[in-house]
Amino acid sequence: QAASFTDGARWLTDGANLVGRGGGALVRVAAWLIVLSLLQAVPLIGLPLMIVISPVLTGGLLGIFRRLDGNTASPEMSAFPSTALFDGFREASIRSRLLGLGGLLLLGLLASLLVLGAWLSPQMDLEALNALMADPQRMEQEPDALFALFKGVNLFGGIALAAAVLALVLGALYFAVPLVFFWRWPLFAALLWSLRAALVNWAAFLAYGLVLVGVLFLAGLLFIMLGGLLTLALGAFGQLMVQVLSVLISLFVQLLFAAAQWRAFHQVFPAGSGPGDSGGFGAADDRFGDSTDDSTDDPSKDPPDRSTDLRA
């Protein structure tokens, strides 16, 4: 169903409420996320690997927030193990589709960079830029060198084109992850319906984006001020505290994004978005320990019947 501008503005705050309900269980999930982030340190393959598996981990996070959102009256029913983060890896069919979405995300990121590079290449010396970026000492000694390379370059067009490509990919992925993880939809159908849902609900996503930018701007400003004060007051120990604080903030933001994504999915695809709903999650409910009727239809088996969920 369609979400309004006001609905989109509430996704982030509703997500924050869900994160607050998680308590110590979410702290253990965050610990797993810290361990997984170490994969990025692996040369060459670390970062691409993290990108590819990110939809699988997102599916696990969405399942966690589904529990927290669906059992507010019975806190004991919302309990979950920290390994619920890895629920997306359990079934081969779901895992392969989610990894396929991760591959698409990686290709989308590369495509946006290629578009930006194709826009800039006729206007500037990219080899000189790469050489400068690879030499931090020179950048520190010659800060004007970077600005000289961008002199007379029209950045706006390239950034706009790259952002459009990235937005298209992210729009196709945003609801595709929960559609595959919860409802077992085929990959192509999930991508199409996710993109359509994003376009139909453009006003809600606009509001969500505006709130998100505002929150991140204020949080970044406060972090810079606090980091400067800690460094001035405590020196090296203050710098260490700033680094720890940055890790904690990044983890909170990651959890907040997943919680807001669940709230958006719950609203735009409401049928079967909670335990015991008539729409159901079909066999996917077994992964969460929910007791649903075995006769409940699995919506992933007949996606066209759900066309009324998205009203233009």
Practice task
Measure from the ring center of Trp185 to the ring center of Phe175 and say whether it is less than 6.0 Å.
Solution key: no
Practice task
Treating Ile, Leu, Val, Met, Phe, Trp and Tyr as nodes and any side-chain heavy-atom pair under 4.5 angstrom as an edge, say whether Leu216 and Val19 lie in one connected cluster.
Solution key: yes
Problem - Backbone of Ser93 reached by a side-chain donor or acceptor of Ser96 within 3.5 Å - result: yes
Exercise for the section: Output yes when a side-chain donor or acceptor of Ser112 lies under 3.5 Å from a complementary backbone atom of Ala163, and no otherwise. Expected result: no
Handout entry: Reported CD-to-CD1 distance for the pair Gln254 and Ile34, which is rounded to 0.5 angstrom
Key = 10.0 Å
Problem - ring-ring contact (aromatic ring centres under 6.0 Å, His included) partner of Trp262, the single match among Phe269, Phe182, Phe257 - result: Phe182
Exercise for the section: Quick one: closest heavy-atom pair of Pro55 and Val177, and the distance? Expected result: O-CG1, 3.6 Å
Problem - More than 12 heavy atoms from other groups under 6.0 Å of CZ on Phe223 - result: yes
Practice task
Examine distances only and state if a side-chain atom of Gln261 and a backbone atom of Tyr174 form a donor-acceptor pair shorter than 3.5 Å.
Solution key: yes
Handout entry: Any donor-acceptor N/O pair, Asp14 side chain to Arg263 backbone, under 3.5 Å
Key = no
Exercise for the section: Using distance alone, with no hydrogens and no angle criterion, decide if Gln123 and Asn154 have a side-chain donor and acceptor under 3.5 Å apart. Expected result: no
Problem - Main-chain N/O of Arg184 paired to Arg97 side chain as donor or acceptor, under 3.5 Å - result: yes
Practice task
Take Val211 and Val215 through the side chain to side chain contact (heavy atoms under 4.5 Å, CB included) test and state the conclusion after the steps.
Solution key: CA-CA 6 Å; Val211 173; Val215 169; 4.2 Å; yes
Handout entry: Under 3.5 Å: donor-acceptor pair, side chain of Asp69, backbone of Phe65
Key = no
Handout entry: Heavy atoms of other groups near Leu218 CG, more than 12 under 6.0 Å
Key = yes
Exercise for the section: Mind telling me whether Trp11 and Phe205 have parallel, tilted or perpendicular rings, with 30° and 60° as the class edges? Expected result: perpendicular
Handout entry: Pair Asp87 + Arg90: basic N to acidic O under 4.0 Å
Key = yes
